[in-house]
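For reference, the structure discussed in these notes is given below.
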Amino acid sequence: MTETSDTRSATGEAPEAPRSRLWRLMRYVPLIAPVLLWAVPCWTLLHTGQHWPSPVAPIGTALFALGLVGMPLAMAQGHGRRQRDGAAIVGDTLLGGSWVLFTWSVLLGALLRPALAVAGVGDGQDRARIVTWAVLGTTAVLLAWGYAEARRVPRVRRLDVELPRLGAGLDGTRVALITDTHYGPLDRARWSARVCETVNGLEADLVCHTGDIADGTAERRRAQAAPLGTVRANRARVYVTGNHEYYSEAQGWVDLMDELGWEPLRNRHLLLERGGDTLVVAGVDDVTAGSSGLAGHRAHLAGALDGADPDLPVLLLAHQPKFVDRAAEHGIDLQLSGHTHGGQIWPFHHLVGLDQPALAGLSRHGTRTLLYTSRGTGFWGPPFRIFAPSEITLLVLRSPRGPAAS
């Protein structure tokens with residue numbers, strides 16, 4: 001592995017894209033989302049004809065009101081200036097639980113009750129109570145399953161990716177991808193070590209981390225991130241920043257990854273040489289870096305490719321899939337990204353789709369560029385993954401010319 005570029009300035013890079021529809025919508029979410037998340041289930045489960053005994057409805061309503069008030073307060077204490085991990089755990093768990101409860105209150109309230117009426121099951125009160133128990137049962141099962149899914153070591157997803165410009169000598173190059181580890185309020189140091197053991201078992205030539213290492217500063221989450229120093233690669237370990245680094249002193253994370261033996265590809269590239277052929281491995285800062293206020297931090301693809309032979313195939317690390325538009329303009333062969341979590345908790349993927357061109361897996365953009373979007377290795381915030389399993393990815397690069405002659 002040889003280094004050929006170290007361009008860190010933003011000179012000459014195109015201005016950042018206009019703010020997305022999702023960003024504009026998100027301005028109003030903090031105002032209306034908590035009310036909807038708690039009021040809709042409260043109404044569906046308690047006040048749509050169930051006629052519960054007198055203590056049930058008022059006590060249940062009080063609990064929903066407590067959740068409506070307590071969740072934002074806990075999240076503010078946990079993720080605001082005070083950064084209290086206990087409060088963050090409470091707030092994040094309430095957020096995930098209320099989202100699942102809201103989703104199934106809407107779905108089962110809209111679908112199950114009419115179905116029961118058509119089938120002639122019971123009277124109005126019976127049907128209303130059946131819906132309530134169905135919503136509560138479904139929510140409990142999904143949250144228990146989703147918690148187990150979030151806390152387990154991800155399964156390895158393996159796939160071959162053919163790159164038309166890849167030389168025969170590079171056929172079979174193994175690239176391991178982890179991303180969005182999100183070390184945070186829940187201590188996952190043991191989980192982190194087991195993830196790294198799994199990565200080491202892949203015997204990869206190149207190991208990549210495409211950002212969002214943690215929620216919190218490098219100093220605060222060092223113990224959870226430390227196992228990353230044990231990761232082994234035949235050629236190199238490379239890393240790019242994600243948007244969450246820029247909420248938590250990004251330069252500290254760049255410095256820590258460098259200390260742990262990873263190559264921070266901050267708008268620069270390396271060359272991977274094998275069997276007489278060469279692959280350019282480039283990386284850019286996250287697209288939010290330019291607005292972070294940190295000197296020299298921004299996504300600068302032209303700088304990342306400066307000095308690279310334009311005839312060589314390029315593997316690009318960029319945290320967010322939406323960077324693929326710029327990658328396609330530059331003729332990048334393969335972009336590796338994370339960020340989406342695959343939606344993390346169904347059906348949140350519909351909102352993610354408003355902001356990103358791909359949710360998970362391999363997709364084509366333009367005439368040459370392939371994008372692989374990982375569902376992420378960890379989880380953000382709510383400790384649940386529902387219908388969006390985490391992953392460690394092993395991509396085996398293939399040349400159309402086949403393996404090099406022995």
Side-chain angles (χ1 to χ4, degrees), residues 28-80 84-151 185-186 343-348 350-351 379-387:
Y28 303 101
V29 167
L31 299 177
I32 61 174
V35 176
L36 292 175
L37 287 177
W38 293 95
V40 170
C42 179
W43 178 257
T44 301
L45 303 184
L46 299 174
H47 301 290
T48 53
Q50 289 88 351
H51 304 297
W52 298 111
S54 57
V56 174
I59 292 175
T61 302
L63 289 175
F64 277 107
L66 182 63
L68 173 59
V69 174
M71 183 185 76
L73 289 177
M75 294 194 72
Q77 290 286 312
H79 297 290
R84 293 179 175 172
D85 284 350
I89 292 170
V90 171
D92 292 342
T93 302
L94 287 174
L95 175 61
S98 63
W99 171 258
V100 176
L101 191 62
F102 167 83
T103 297
W104 292 96
S105 294
V106 172
L107 290 177
L108 292 178
L111 300 176
L112 180 57
R113 192 162 179 170
L116 292 172
V118 170
V121 176
D123 57 17
Q125 176 178 289
D126 292 335
R127 292 192 288 270
R129 291 189 176 188
I130 289 172
V131 168
T132 293
W133 291 117
V135 170
L136 292 176
T138 299
T139 297
V141 169
L142 288 177
L143 288 178
W145 174 61
Y147 181 79
E149 281 286 296
R151 296 303 301 269
L186 281 169
Q344 186 165 319
I345 303 177
W346 186 89
F348 194 76
H350 291 300
L351 294 178
F379 61 85
W380 171 84
F384 308 107
R385 273 189 172 269
I386 298 174
F387 306 133

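Note that the coordinates shown come from a computational prediction; the quantities given were computed from them, not determined experimentally.
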Only distances under 3.5 Å count here; give the side-chain donor-acceptor pairs of residues 39-50 to other protein atoms, sequence neighbours excluded, each with its distance to 0.1 Å.
| unit_1 | atom_1 | unit_2 | atom_2 | d |
| --- | --- | --- | --- | --- |
| T44 | OG1 | V40 | O | 2.9 |
| H47 | NE2 | T61 | OG1 | 2.9 |
| T48 | OG1 | T44 | O | 2.9 |
| T48 | OG1 | Q50 | OE1 | 3.4 |
| T48 | OG1 | Q50 | NE2 | 3.1 |
| T48 | OG1 | R113 | NH1 | 3.4 |
| Q50 | OE1 | H47 | N | 3.4 |
| Q50 | OE1 | T48 | N | 2.9 |
| Q50 | NE2 | T44 | O | 2.7 |
| Q50 | NE2 | L45 | O | 3.2 |
| Q50 | NE2 | T132 | OG1 | 3.0 |

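No side-chain heavy atom of M71 sits less than 4.5 Å from a side-chain heavy atom of V90. Looking at heavy atoms from C-beta onward, W52 lies in side-chain contact with R129 at the 4.5 angstrom threshold. Looking at heavy atoms from C-beta onward, L142 lies in side-chain contact with F387 at the 4.5 angstrom threshold. Proximity of L101 to F64: side-chain heavy atoms (C-beta onward) are separated by under 4.5 Å at one or more points. When side chains are defined from C-beta on, W99 does not count as touching I386, because their heavy atoms never get closer than 4.5 Å. Counting only heavy atoms from C-beta outward, the side chains of D126 and V121 never approach each other to under 4.5 Å. Taking 4.5 Å as the limit, some side-chain heavy atom of M75 sits within range of a side-chain heavy atom of D92.
To the nearest 0.5 Å, the span separating CG on L108 from CD1 on I130 amounts to 12.0 Å. Between the OG1 atom in T139 and the CZ atom in F102 there is a gap of 12.0 Å [rounded to 0.5 Å]. Between the CD1 atom of I59 and the OG atom of S54 there is a distance of 8.5 Å, given to the nearest 0.5 Å.
One N or O on the side chain of S98 and one on the backbone of L95 form a donor-acceptor pair closer than 3.5 Å. With hydrogens and angles disregarded, no donor-acceptor distance shorter than 3.5 Å links the side chain of Q344 to the backbone of F379.
Counting all heavy atoms, side chain and backbone alike, P114 lies closest to G109 at CD-O, 4.0 Å. The minimum heavy-atom distance between T93 and F384, with the atom names listed, is O-CE1, 3.9 Å. Across all their heavy atoms, P383 and L186 have their closest contact at CB-CD1, 3.9 Å. Contact between A117 and R127 at its shortest, heavy atoms only, is N-CD, 3.4 Å.
Considering T138, V135, V131 as possible partners of L112, the one that fulfils the side-chain contact (heavy atoms from CB on, under 4.5 Å) test is V131.
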